[in-house]
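Below: the structure, in structure tokens.
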Number of protein chains: 2
Amino acid sequence: MPRKSVQQELTRDMIMDAARTLFVNKGYQHVSMRQIAKELEYSHGAIYYHFKNKAELFYALVEEHFKMLDQILDEILEKEIEPKEKIREVLIGFMQFGLTHQNHYEIMFLTKDEEVRNFLSQSPNRSYEKFARALSLLSERKLSIQDIWSIFISLHGFVTHYSRHVTSYEDVQGMAAAHADFLLRSIR
Amino acid sequence: MPRKSVQQELTRDMIMDAARTLFVNKGYQHVSMRQIAKELEYSHGAIYYHFKNKAELFYALVEEHFKMLDQILDEILEKEIEPKEKIREVLIGFMQFGLTHQNHYEIMFLTKDEEVRNFLSQSPNRSYEKFARALSLLSERKLSIQDIWSIFISLHGFVTHYSRHVTSYEDVQGMAAAHADFLLRSIR
DNA sequence: AGCCACTATTGAACAGTGGTCAATTAATTT
DNA sequence: AAATTAATTGACCACTGTTCAATAGTGGCT
């Protein structure tokens with residue numbers, strides 16, 4: 001009984017919605033194409049008509065989060081607080097983002113999966129570039145390129161470490177603040 | 001034709017040797033029990049007689065690396081250089097270890113796999129404790145517990161990031177040194 | 001030497017994975 | 001009404017980790 005009536009045709013969005021729910025709770029590795037299909041009450045083959053493969057589907061899920069991260073950055077930059085405090089908030093904002101969207105973050109900045117990374121392409125780099133430019137400006141060039149890169153890597157370490165335990169950001173808010181303060185001790 | 005003659009009985013060490021070669025080149029995820037068995041010219045079932053499951057086998061492979069990391073630390077501590085330089089070398093040594101044994105490091109400090117982490121138990125913590133004590137002593141308590149934790153997490157970020165690309169440590173030696181210097185700017 | 005318990009190994013089987021594709025049918029175009 | 005195209009199915013492939021009944025070599029005991 002192939003092809004359902006047009007009113008109930010499968011769309012990329014429907015697939016992404018089903019995938020998202022599973023993905024947020026279980027992560028890339030532990031969500032299967034068949035589970036998603038089951039959720040949708042379609043055969044798993046149908047998904048492959050709309051997405052080339054698992055990597056493309058989950059990349060689509062994550063793509064928008066690069067924009068989300070950019071937005072978070074922009075919102076902080078527009079605040080009316082002094083630059084030093086802004087820098088602090090940028091660092092904390094990054095960690096909060098990473099730990100609030102752990103499974104997304106994993107794909108954005110941690111995955112080794114070749115196929116997924118083909119889709120990611122330059123997105124992680126672009127995301128970092130935005131972060132770096134912001135910090136460079138806010139510090140009035142007091143932070144060198146090296147410094148900024150070290151800071152980024154250090155934030156990455158924080159997110160990566162605490163993602164191992166299923167911690168929510170709230171549980172490590174204090175730690176995040178302390179980490180940010182440590183990293184900023186080099187300026188000033 | 002079960003059970004081979006005693007001269008060619010399978011041992012844990014034989015399995016670990018075969019597994020190690022594959023593991024170092026491909027990582028936990030991409031080495032299968034059947035591949036290991038094929039390498040040994042045994043059926044895959046035989047491995048399960050010697051190891052409870054994949055996690056136990058690969059934990060056995062990684063276990064010794066916690067000691068190796070401790071040793072690296074000790075060797076640096078015994079050097080005849082001033083404490084400040086020792087701290088620097090400890091940080092660099094950690095990054096070098098992580099990037100020289102990337103797939104081991106991944107299991108030691110990065111894996112989310114529940115089964116594997118059951119085997120790891122407190123090993124990563126103990127490893128960190130040793131690191132922290134060393135830094136505390138060398139800095140004559142100038143480095144707070146918080147600082148040391150931030151440093152560790154920051155080193156973790158470095159290893160984790162550069163492990164994504166198949167970089168060897170030599171390729172990022174300069175970066176590692178710069179990262180260490182950045183992290184140590186807060187003291188002094 | 002014969003028996004027996006034990007030990008190590010096999011390979012079929014299970015339930016799952018990502019992915020492909022011929023067959024089929026609904027929708028659309030001609 | 002016929003031909004074409006689009007969307008879906010589900011069997012199939014080649015894998016994965018894991019289990020386990022069946023089997024055969026080993027070593028000890030009588």
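Chain A is the first sequence line, chain B the second, and so forth, proteins listed ahead of strands; every chain is numbered from 1. Since we're looking at a predicted model, the values are computed, not measured.
Counting only heavy atoms from C-beta on, B/Lys54 has its side chain closest to D/dG17 among D/dG17, C/dT9, D/dT9.
Rounded to whole angstrom, the span from the CZ atom of B/Phe51 across to the C1' atom of D/dT19 amounts to 18 Å. Rounded to an integer number of Å, the gap from CD1 of A/Ile47 to C1' of D/dG10 is 14 Å. Whole-Å rounding puts the A/Arg34 CZ to C/dA15 C1' distance at 11 Å. The nearest whole Å value for the distance from the OH atom in B/Tyr48 to the C1' atom in D/dT19 is 9 Å. The NZ-P distance, from B/Lys38 to D/dG17, rounds to 14 Å in whole Å. One can place CE of B/Met33 at 18 Å from P of D/dC15, the figure rounded to the nearest angstrom. Atom C1' of nucleotide D/dT16 and atom CD1 of B/Ile36 are separated by 12 Å, given to the nearest angstrom. At whole-Å resolution of the value, CG in A/Asn53 and C1' in C/dT17 are 14 Å apart.
If you look at B/His156 and B/Tyr105, their ring centroids are closer than 6.0 Å.
Residues A/Tyr42 and A/Phe51 share a hydrophobic cluster, clusters being chains of Ile/Leu/Val/Met/Phe/Trp/Tyr side chains in contact below 4.5 Å.
Between A/His44 and the phosphate of D/dT8, there is no side-chain N or O to OP1/OP2 separation shorter than 4.0 Å. Residue A/Tyr49 places no side-chain N or O under 4.0 Å from the OP1 or OP2 atom of D/dT8. Side-chain N/O atoms of B/His50 include one lying less than 4.0 angstrom from OP1 or OP2 on C/dT9. Proximity of A/Ser43 to the phosphate of D/dG10: no side-chain N or O atom is located under 4.0 Å from OP1 or OP2.
Each of A/Glu115 and B/Ala46 lies near DNA chain C, and the nucleotide nearest B/Ala46 is the one positioned closer to the 5' end.
Contacts of A/Gln35 with the nucleic acid, taken as non-hydrogen atoms under 4.0 Å apart, involve only primed sugar atoms and P, OP1 or OP2.
Distance check, rounded to the nearest 0.5 Å: CZ of B/Phe97 to CG of B/Leu73 gives 10.0 Å. The distance from the NZ atom of B/Lys84 to the CG atom of B/Leu138 is 12.5 Å, given to the nearest 0.5 Å.
Of the possible polar contacts, one joining the A/Thr167 side chain to the A/Tyr162 backbone as a donor-acceptor pair under 3.5 Å is found.
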